[in-house]
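Take a look at the structure set out below.
So you know, we letter chains A, B, ... as the sequences are listed, proteins then strands, and number each from 1.
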Amino acid sequence: MRLIYIARKNLLAKPLQTALSTILLAFGVGMVSLMMLSEKQIKDQFERNIKDIDLVLGAKGSPLQLILANVYHIDAPTGNIDLEAAEEVIKHPYVEDGIPLAYGDNYMGYRIVGTEHSYPEHYSAELSEGQMWSETFEVTVGAVVAKKLDLNLGDTFYSAHGLTDGTDVHDNVDFKVVGILKPTSSVIDHLLLTNIESIWGVHGDHSDELKGKEITAVLLKKRNPMAVLTLPNLLKDTNMQVALPAIEINRLNNQFGIGTKALSAIALLIMALSFASIFISVFENMQSRKYELALMRTMGGSPSTLFKLILLEGGLLSIGGVVLGLIISRTGLFTLATLVADKFKYDISEMSLLPSEIALVCCATFVGLLAAIIPAVKTLRMDISETLSNE
Amino acid sequence: MIATSDLTFCYTGSDLLTFPNVNCKAGGQLLILGDSGSGKTTLLHLICGLLKPLSGKVEIAGVQVSDLDGVALDKFRGENIGIVFQQAHFVQSLTVSENLALPALMTKSGESSEDLCERTRGLLKRLRLEHKADSLPNELSVGEQQRASIARALIHKPKVVFADEPTSALDDKSTEAVISLLEEETRLAGACLIIVTHDQRLKSRYADKVELKYLAL
């Protein structure tokens with residue numbers, strides 16, 4: 001039999017008190033860790049999708065919307081731009097490369113994007129089967145789309161007008177699946193890719209949409225840092241603009257930040273409460289077991305042995321709470337990931353322990369122990385003779 | 001085995017207490033008799049080293065207990081002394097046999113758990129408690145609790161067993177049973193037995209006795 005066994009038995013002898021302390025701490029730790037995790041994951045995801053896209057060229061409007069629509073495919077696009085005018089910009093000496101995007105249709109809620117092969121190449125997407133599109137109306141499908149819609153090579157489908165629903169179906173042409181991509185953990189997984197001509201082709205009967213040679217946006221890679229300063233000036237008198245993904249996402253993060261800060265404050269409050277509860281729990285336990293502790297002293301237990309015993313009880317409580325908290329945050333994140341993957345096309349499923357979480361675990365365990373120290377010190381000072389006589 | 005000389009003690013704000021000398025040879029039996037408030041428990045605590053005497057000496061098994069300090073004192077007490085308290089107290093969250101394993105854990109005796117198990121089983125059997133080995137203390141009847149606390153006082157083979165008011169709440173028949181049991185078990189263990197009580201029924205039973213009076217000066 002060991003000291004830690006007695007500590008455990010003592011805690012289990014008061015299941016309700018123990019459960020309360022553990023659950024409180026678990027929720028505090030769980031909330032803080034969930035926040036850390038989701039913040040990190042969302043940031044990673046946003047950054048992975050930006051990957052070397054320095055600027056986005058598109059129609060004038062909200063720059064944030066331009067980024068959200070064309071880099072992340074979350075928002076609606078700001079409008080269309082003239083292909084020839086866009087090509088002028090791509091050819092600008094400050095610009096190294098540009099990937100054109102044209103879209104306006106969906107299949108079962110997933111966007112059909114007309115682009116060039118450089119787009120999947122940019123995200124290092126590889127084929128899992130079939131090939132990249134080459135003819136008009138051939139599509140290569142992102143991994144998540146293929147899985148969710150159960151699309152296979154050779155399948156054909158009609159696209160629907162708009163980006164979200166299937167009420168206005170283009171039944172004049174059908175698309176054919178010629179390739180399926182491997183998962184990339186980027187936005188590509190959630191898209192159906194084809195060439196730009198296919199998008200124009202579908203809209204042959206819509207004279208008001210994408211008429212002439214129009215596209216939606218171009219993802220630009222700069223050759224010269226001056227591009228960031230020069231291009232906006234150049235586009236002043238056109239219907240086009242460029243936006244910087246890094247800056248817009250930063251802005252967005254700052255907006256979100258207020259919410260996460262409030263949540264963090266609440267989580268820290270819960271943690272503080274849980275430490276108070278651990279303190280009360282260990283203290284009460286110690287008070288009501290004073291005689292037992294004195295008894296152990298008569299059996300030869302030294303004050304330091306009892307000190308360890310009380311500290312162990314606090315330690316077990318806090319470790320239990322912390323572990324449960326981490327489980328809660330993982331479960332929460334998993335639930336969130338499933339929800340978010342459908343709505344926002346992001347897949348947050350990495351479950352690794354963050355460095356900041358390790359700090360959180362150490363901190364919480366340490367403070368838990370600290371909460372047990374006052375009762376533990378009281379046992380050091382206990383007068384055995386008096387305790388035994390007063391019962 | 002036990003020898004005290006000229007023990008005095010003083011509680012803060014109270015009068016000085018002086019105690020008669022207590023002597024008991026190895027395997028002997030001694031009664032310390034005194035009314036409530038005569039300082040019985042104080043004397044017991046002084047001999048066990050739970051209290052430090054103001055002056056005087058306590059010697060147990062050739063060791064000057066009154067000179068020991070801290071961990072050494074705790075260890076000496078744990079290894080050599082067993083106490084049966086007036087009311088049976090246990091660590092409530094542990095079973096009876098786990099409670100019996102406590103002295104070994106507390107003194108870090110290093111005894112193998114098989115040996116300890118064997119001894120625990122034997123002792124519980126003699127005290128008719130073997131069916132209660134895995135019960136929690138509060139599941140035992142009062143009589144069983146008292147027998148269990150006798151078992152705990154003897155489990156670590158002490159040289160001295162103190163019994164503090166073991167009979168004060170018992171009727172004549174139970175008193176006889178408990179005292180017989182204590183005498184028999186300590187004799188078997190080769191320990192000396194010191195009973196501290198105000199119970200006059202025990203007076204005639206022992207030749208060796210120390211009577212405490214109101215000794216405050």
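When atom types are taken as modelled, the side chain of A:E292 and the backbone of B:Q92 share a donor-acceptor pair closer than 3.5 angstrom.
Comparing B:F85, B:Y11, B:F76 by heavy-atom pairs within less than 4.5 Å of chain A, the highest count is held by B:F85. When the candidates B:V71, B:L44, B:L94, B:L73 are compared by the number of heavy-atom contacts under 4.5 Å with chain A, B:L94 comes out ahead.
Heavy atoms closer than 4.5 Å to chain A are found nowhere in B:S113, neither backbone nor side chain. Neither the backbone nor the side chain of B:E79 comes within less than 4.5 Å of any heavy atom of chain A. Residue contact with chain B, scored on non-hydrogen atoms closer than 4.5 Å, involves the side chain of A:T305 exclusively. For B:L102, the parts sitting under 4.5 Å from any heavy atom of chain A are the backbone and the side chain alike. In this structure, chain B has heavy atoms under 4.5 Å from both the backbone and the side chain of A:L3.
A:K9 NZ: more than 12 foreign heavy atoms inside a 6.0 Å radius. No more than 12 heavy atoms of other residues, nucleotides or ligands sit less than 6.0 Å from atom NZ of A:K147. Surrounding CG of B:L188 are more than 12 heavy atoms belonging to other residues, nucleotides or ligands, all under 6.0 Å away. Heavy-atom contacts from other residues, nucleotides or ligands closer than 6.0 Å to NZ of A:K290 number 12 or fewer. Annotation: A:Q287, atom CD; neighbour count of heavy atoms from other residues, nucleotides and ligands within 6.0 Å is above 12.
Separation of atoms CE (B:M106) and OG (A:S302) is listed at 8.5 Å; rounding is to 0.5 Å. Between the CG atom in B:L51 and the CD1 atom in A:I384 there is a gap of 8.5 Å [rounded to 0.5 Å]. The CD1 atom of B:I83 sits 7.5 Å away from the CG atom of A:L388 when rounded to the nearest 0.5 Å. One distance of note links CG of B:D74 with CE of A:M299; it measures 13.0 Å at 0.5 Å rounding. Here the straight-line distance linking atom CD1 of A:I6 with atom OG of B:S93 works out to 8.0 Å at 0.5 Å rounding.
Contact annotation: the side chain of A:R289 never approaches that of B:V91 to less than 4.5 Å [non-hydrogen atoms, C-beta and beyond]. You'll find the side chain of B:R152 reaches within 4.5 Å of the side chain of A:L295, heavy atoms only.
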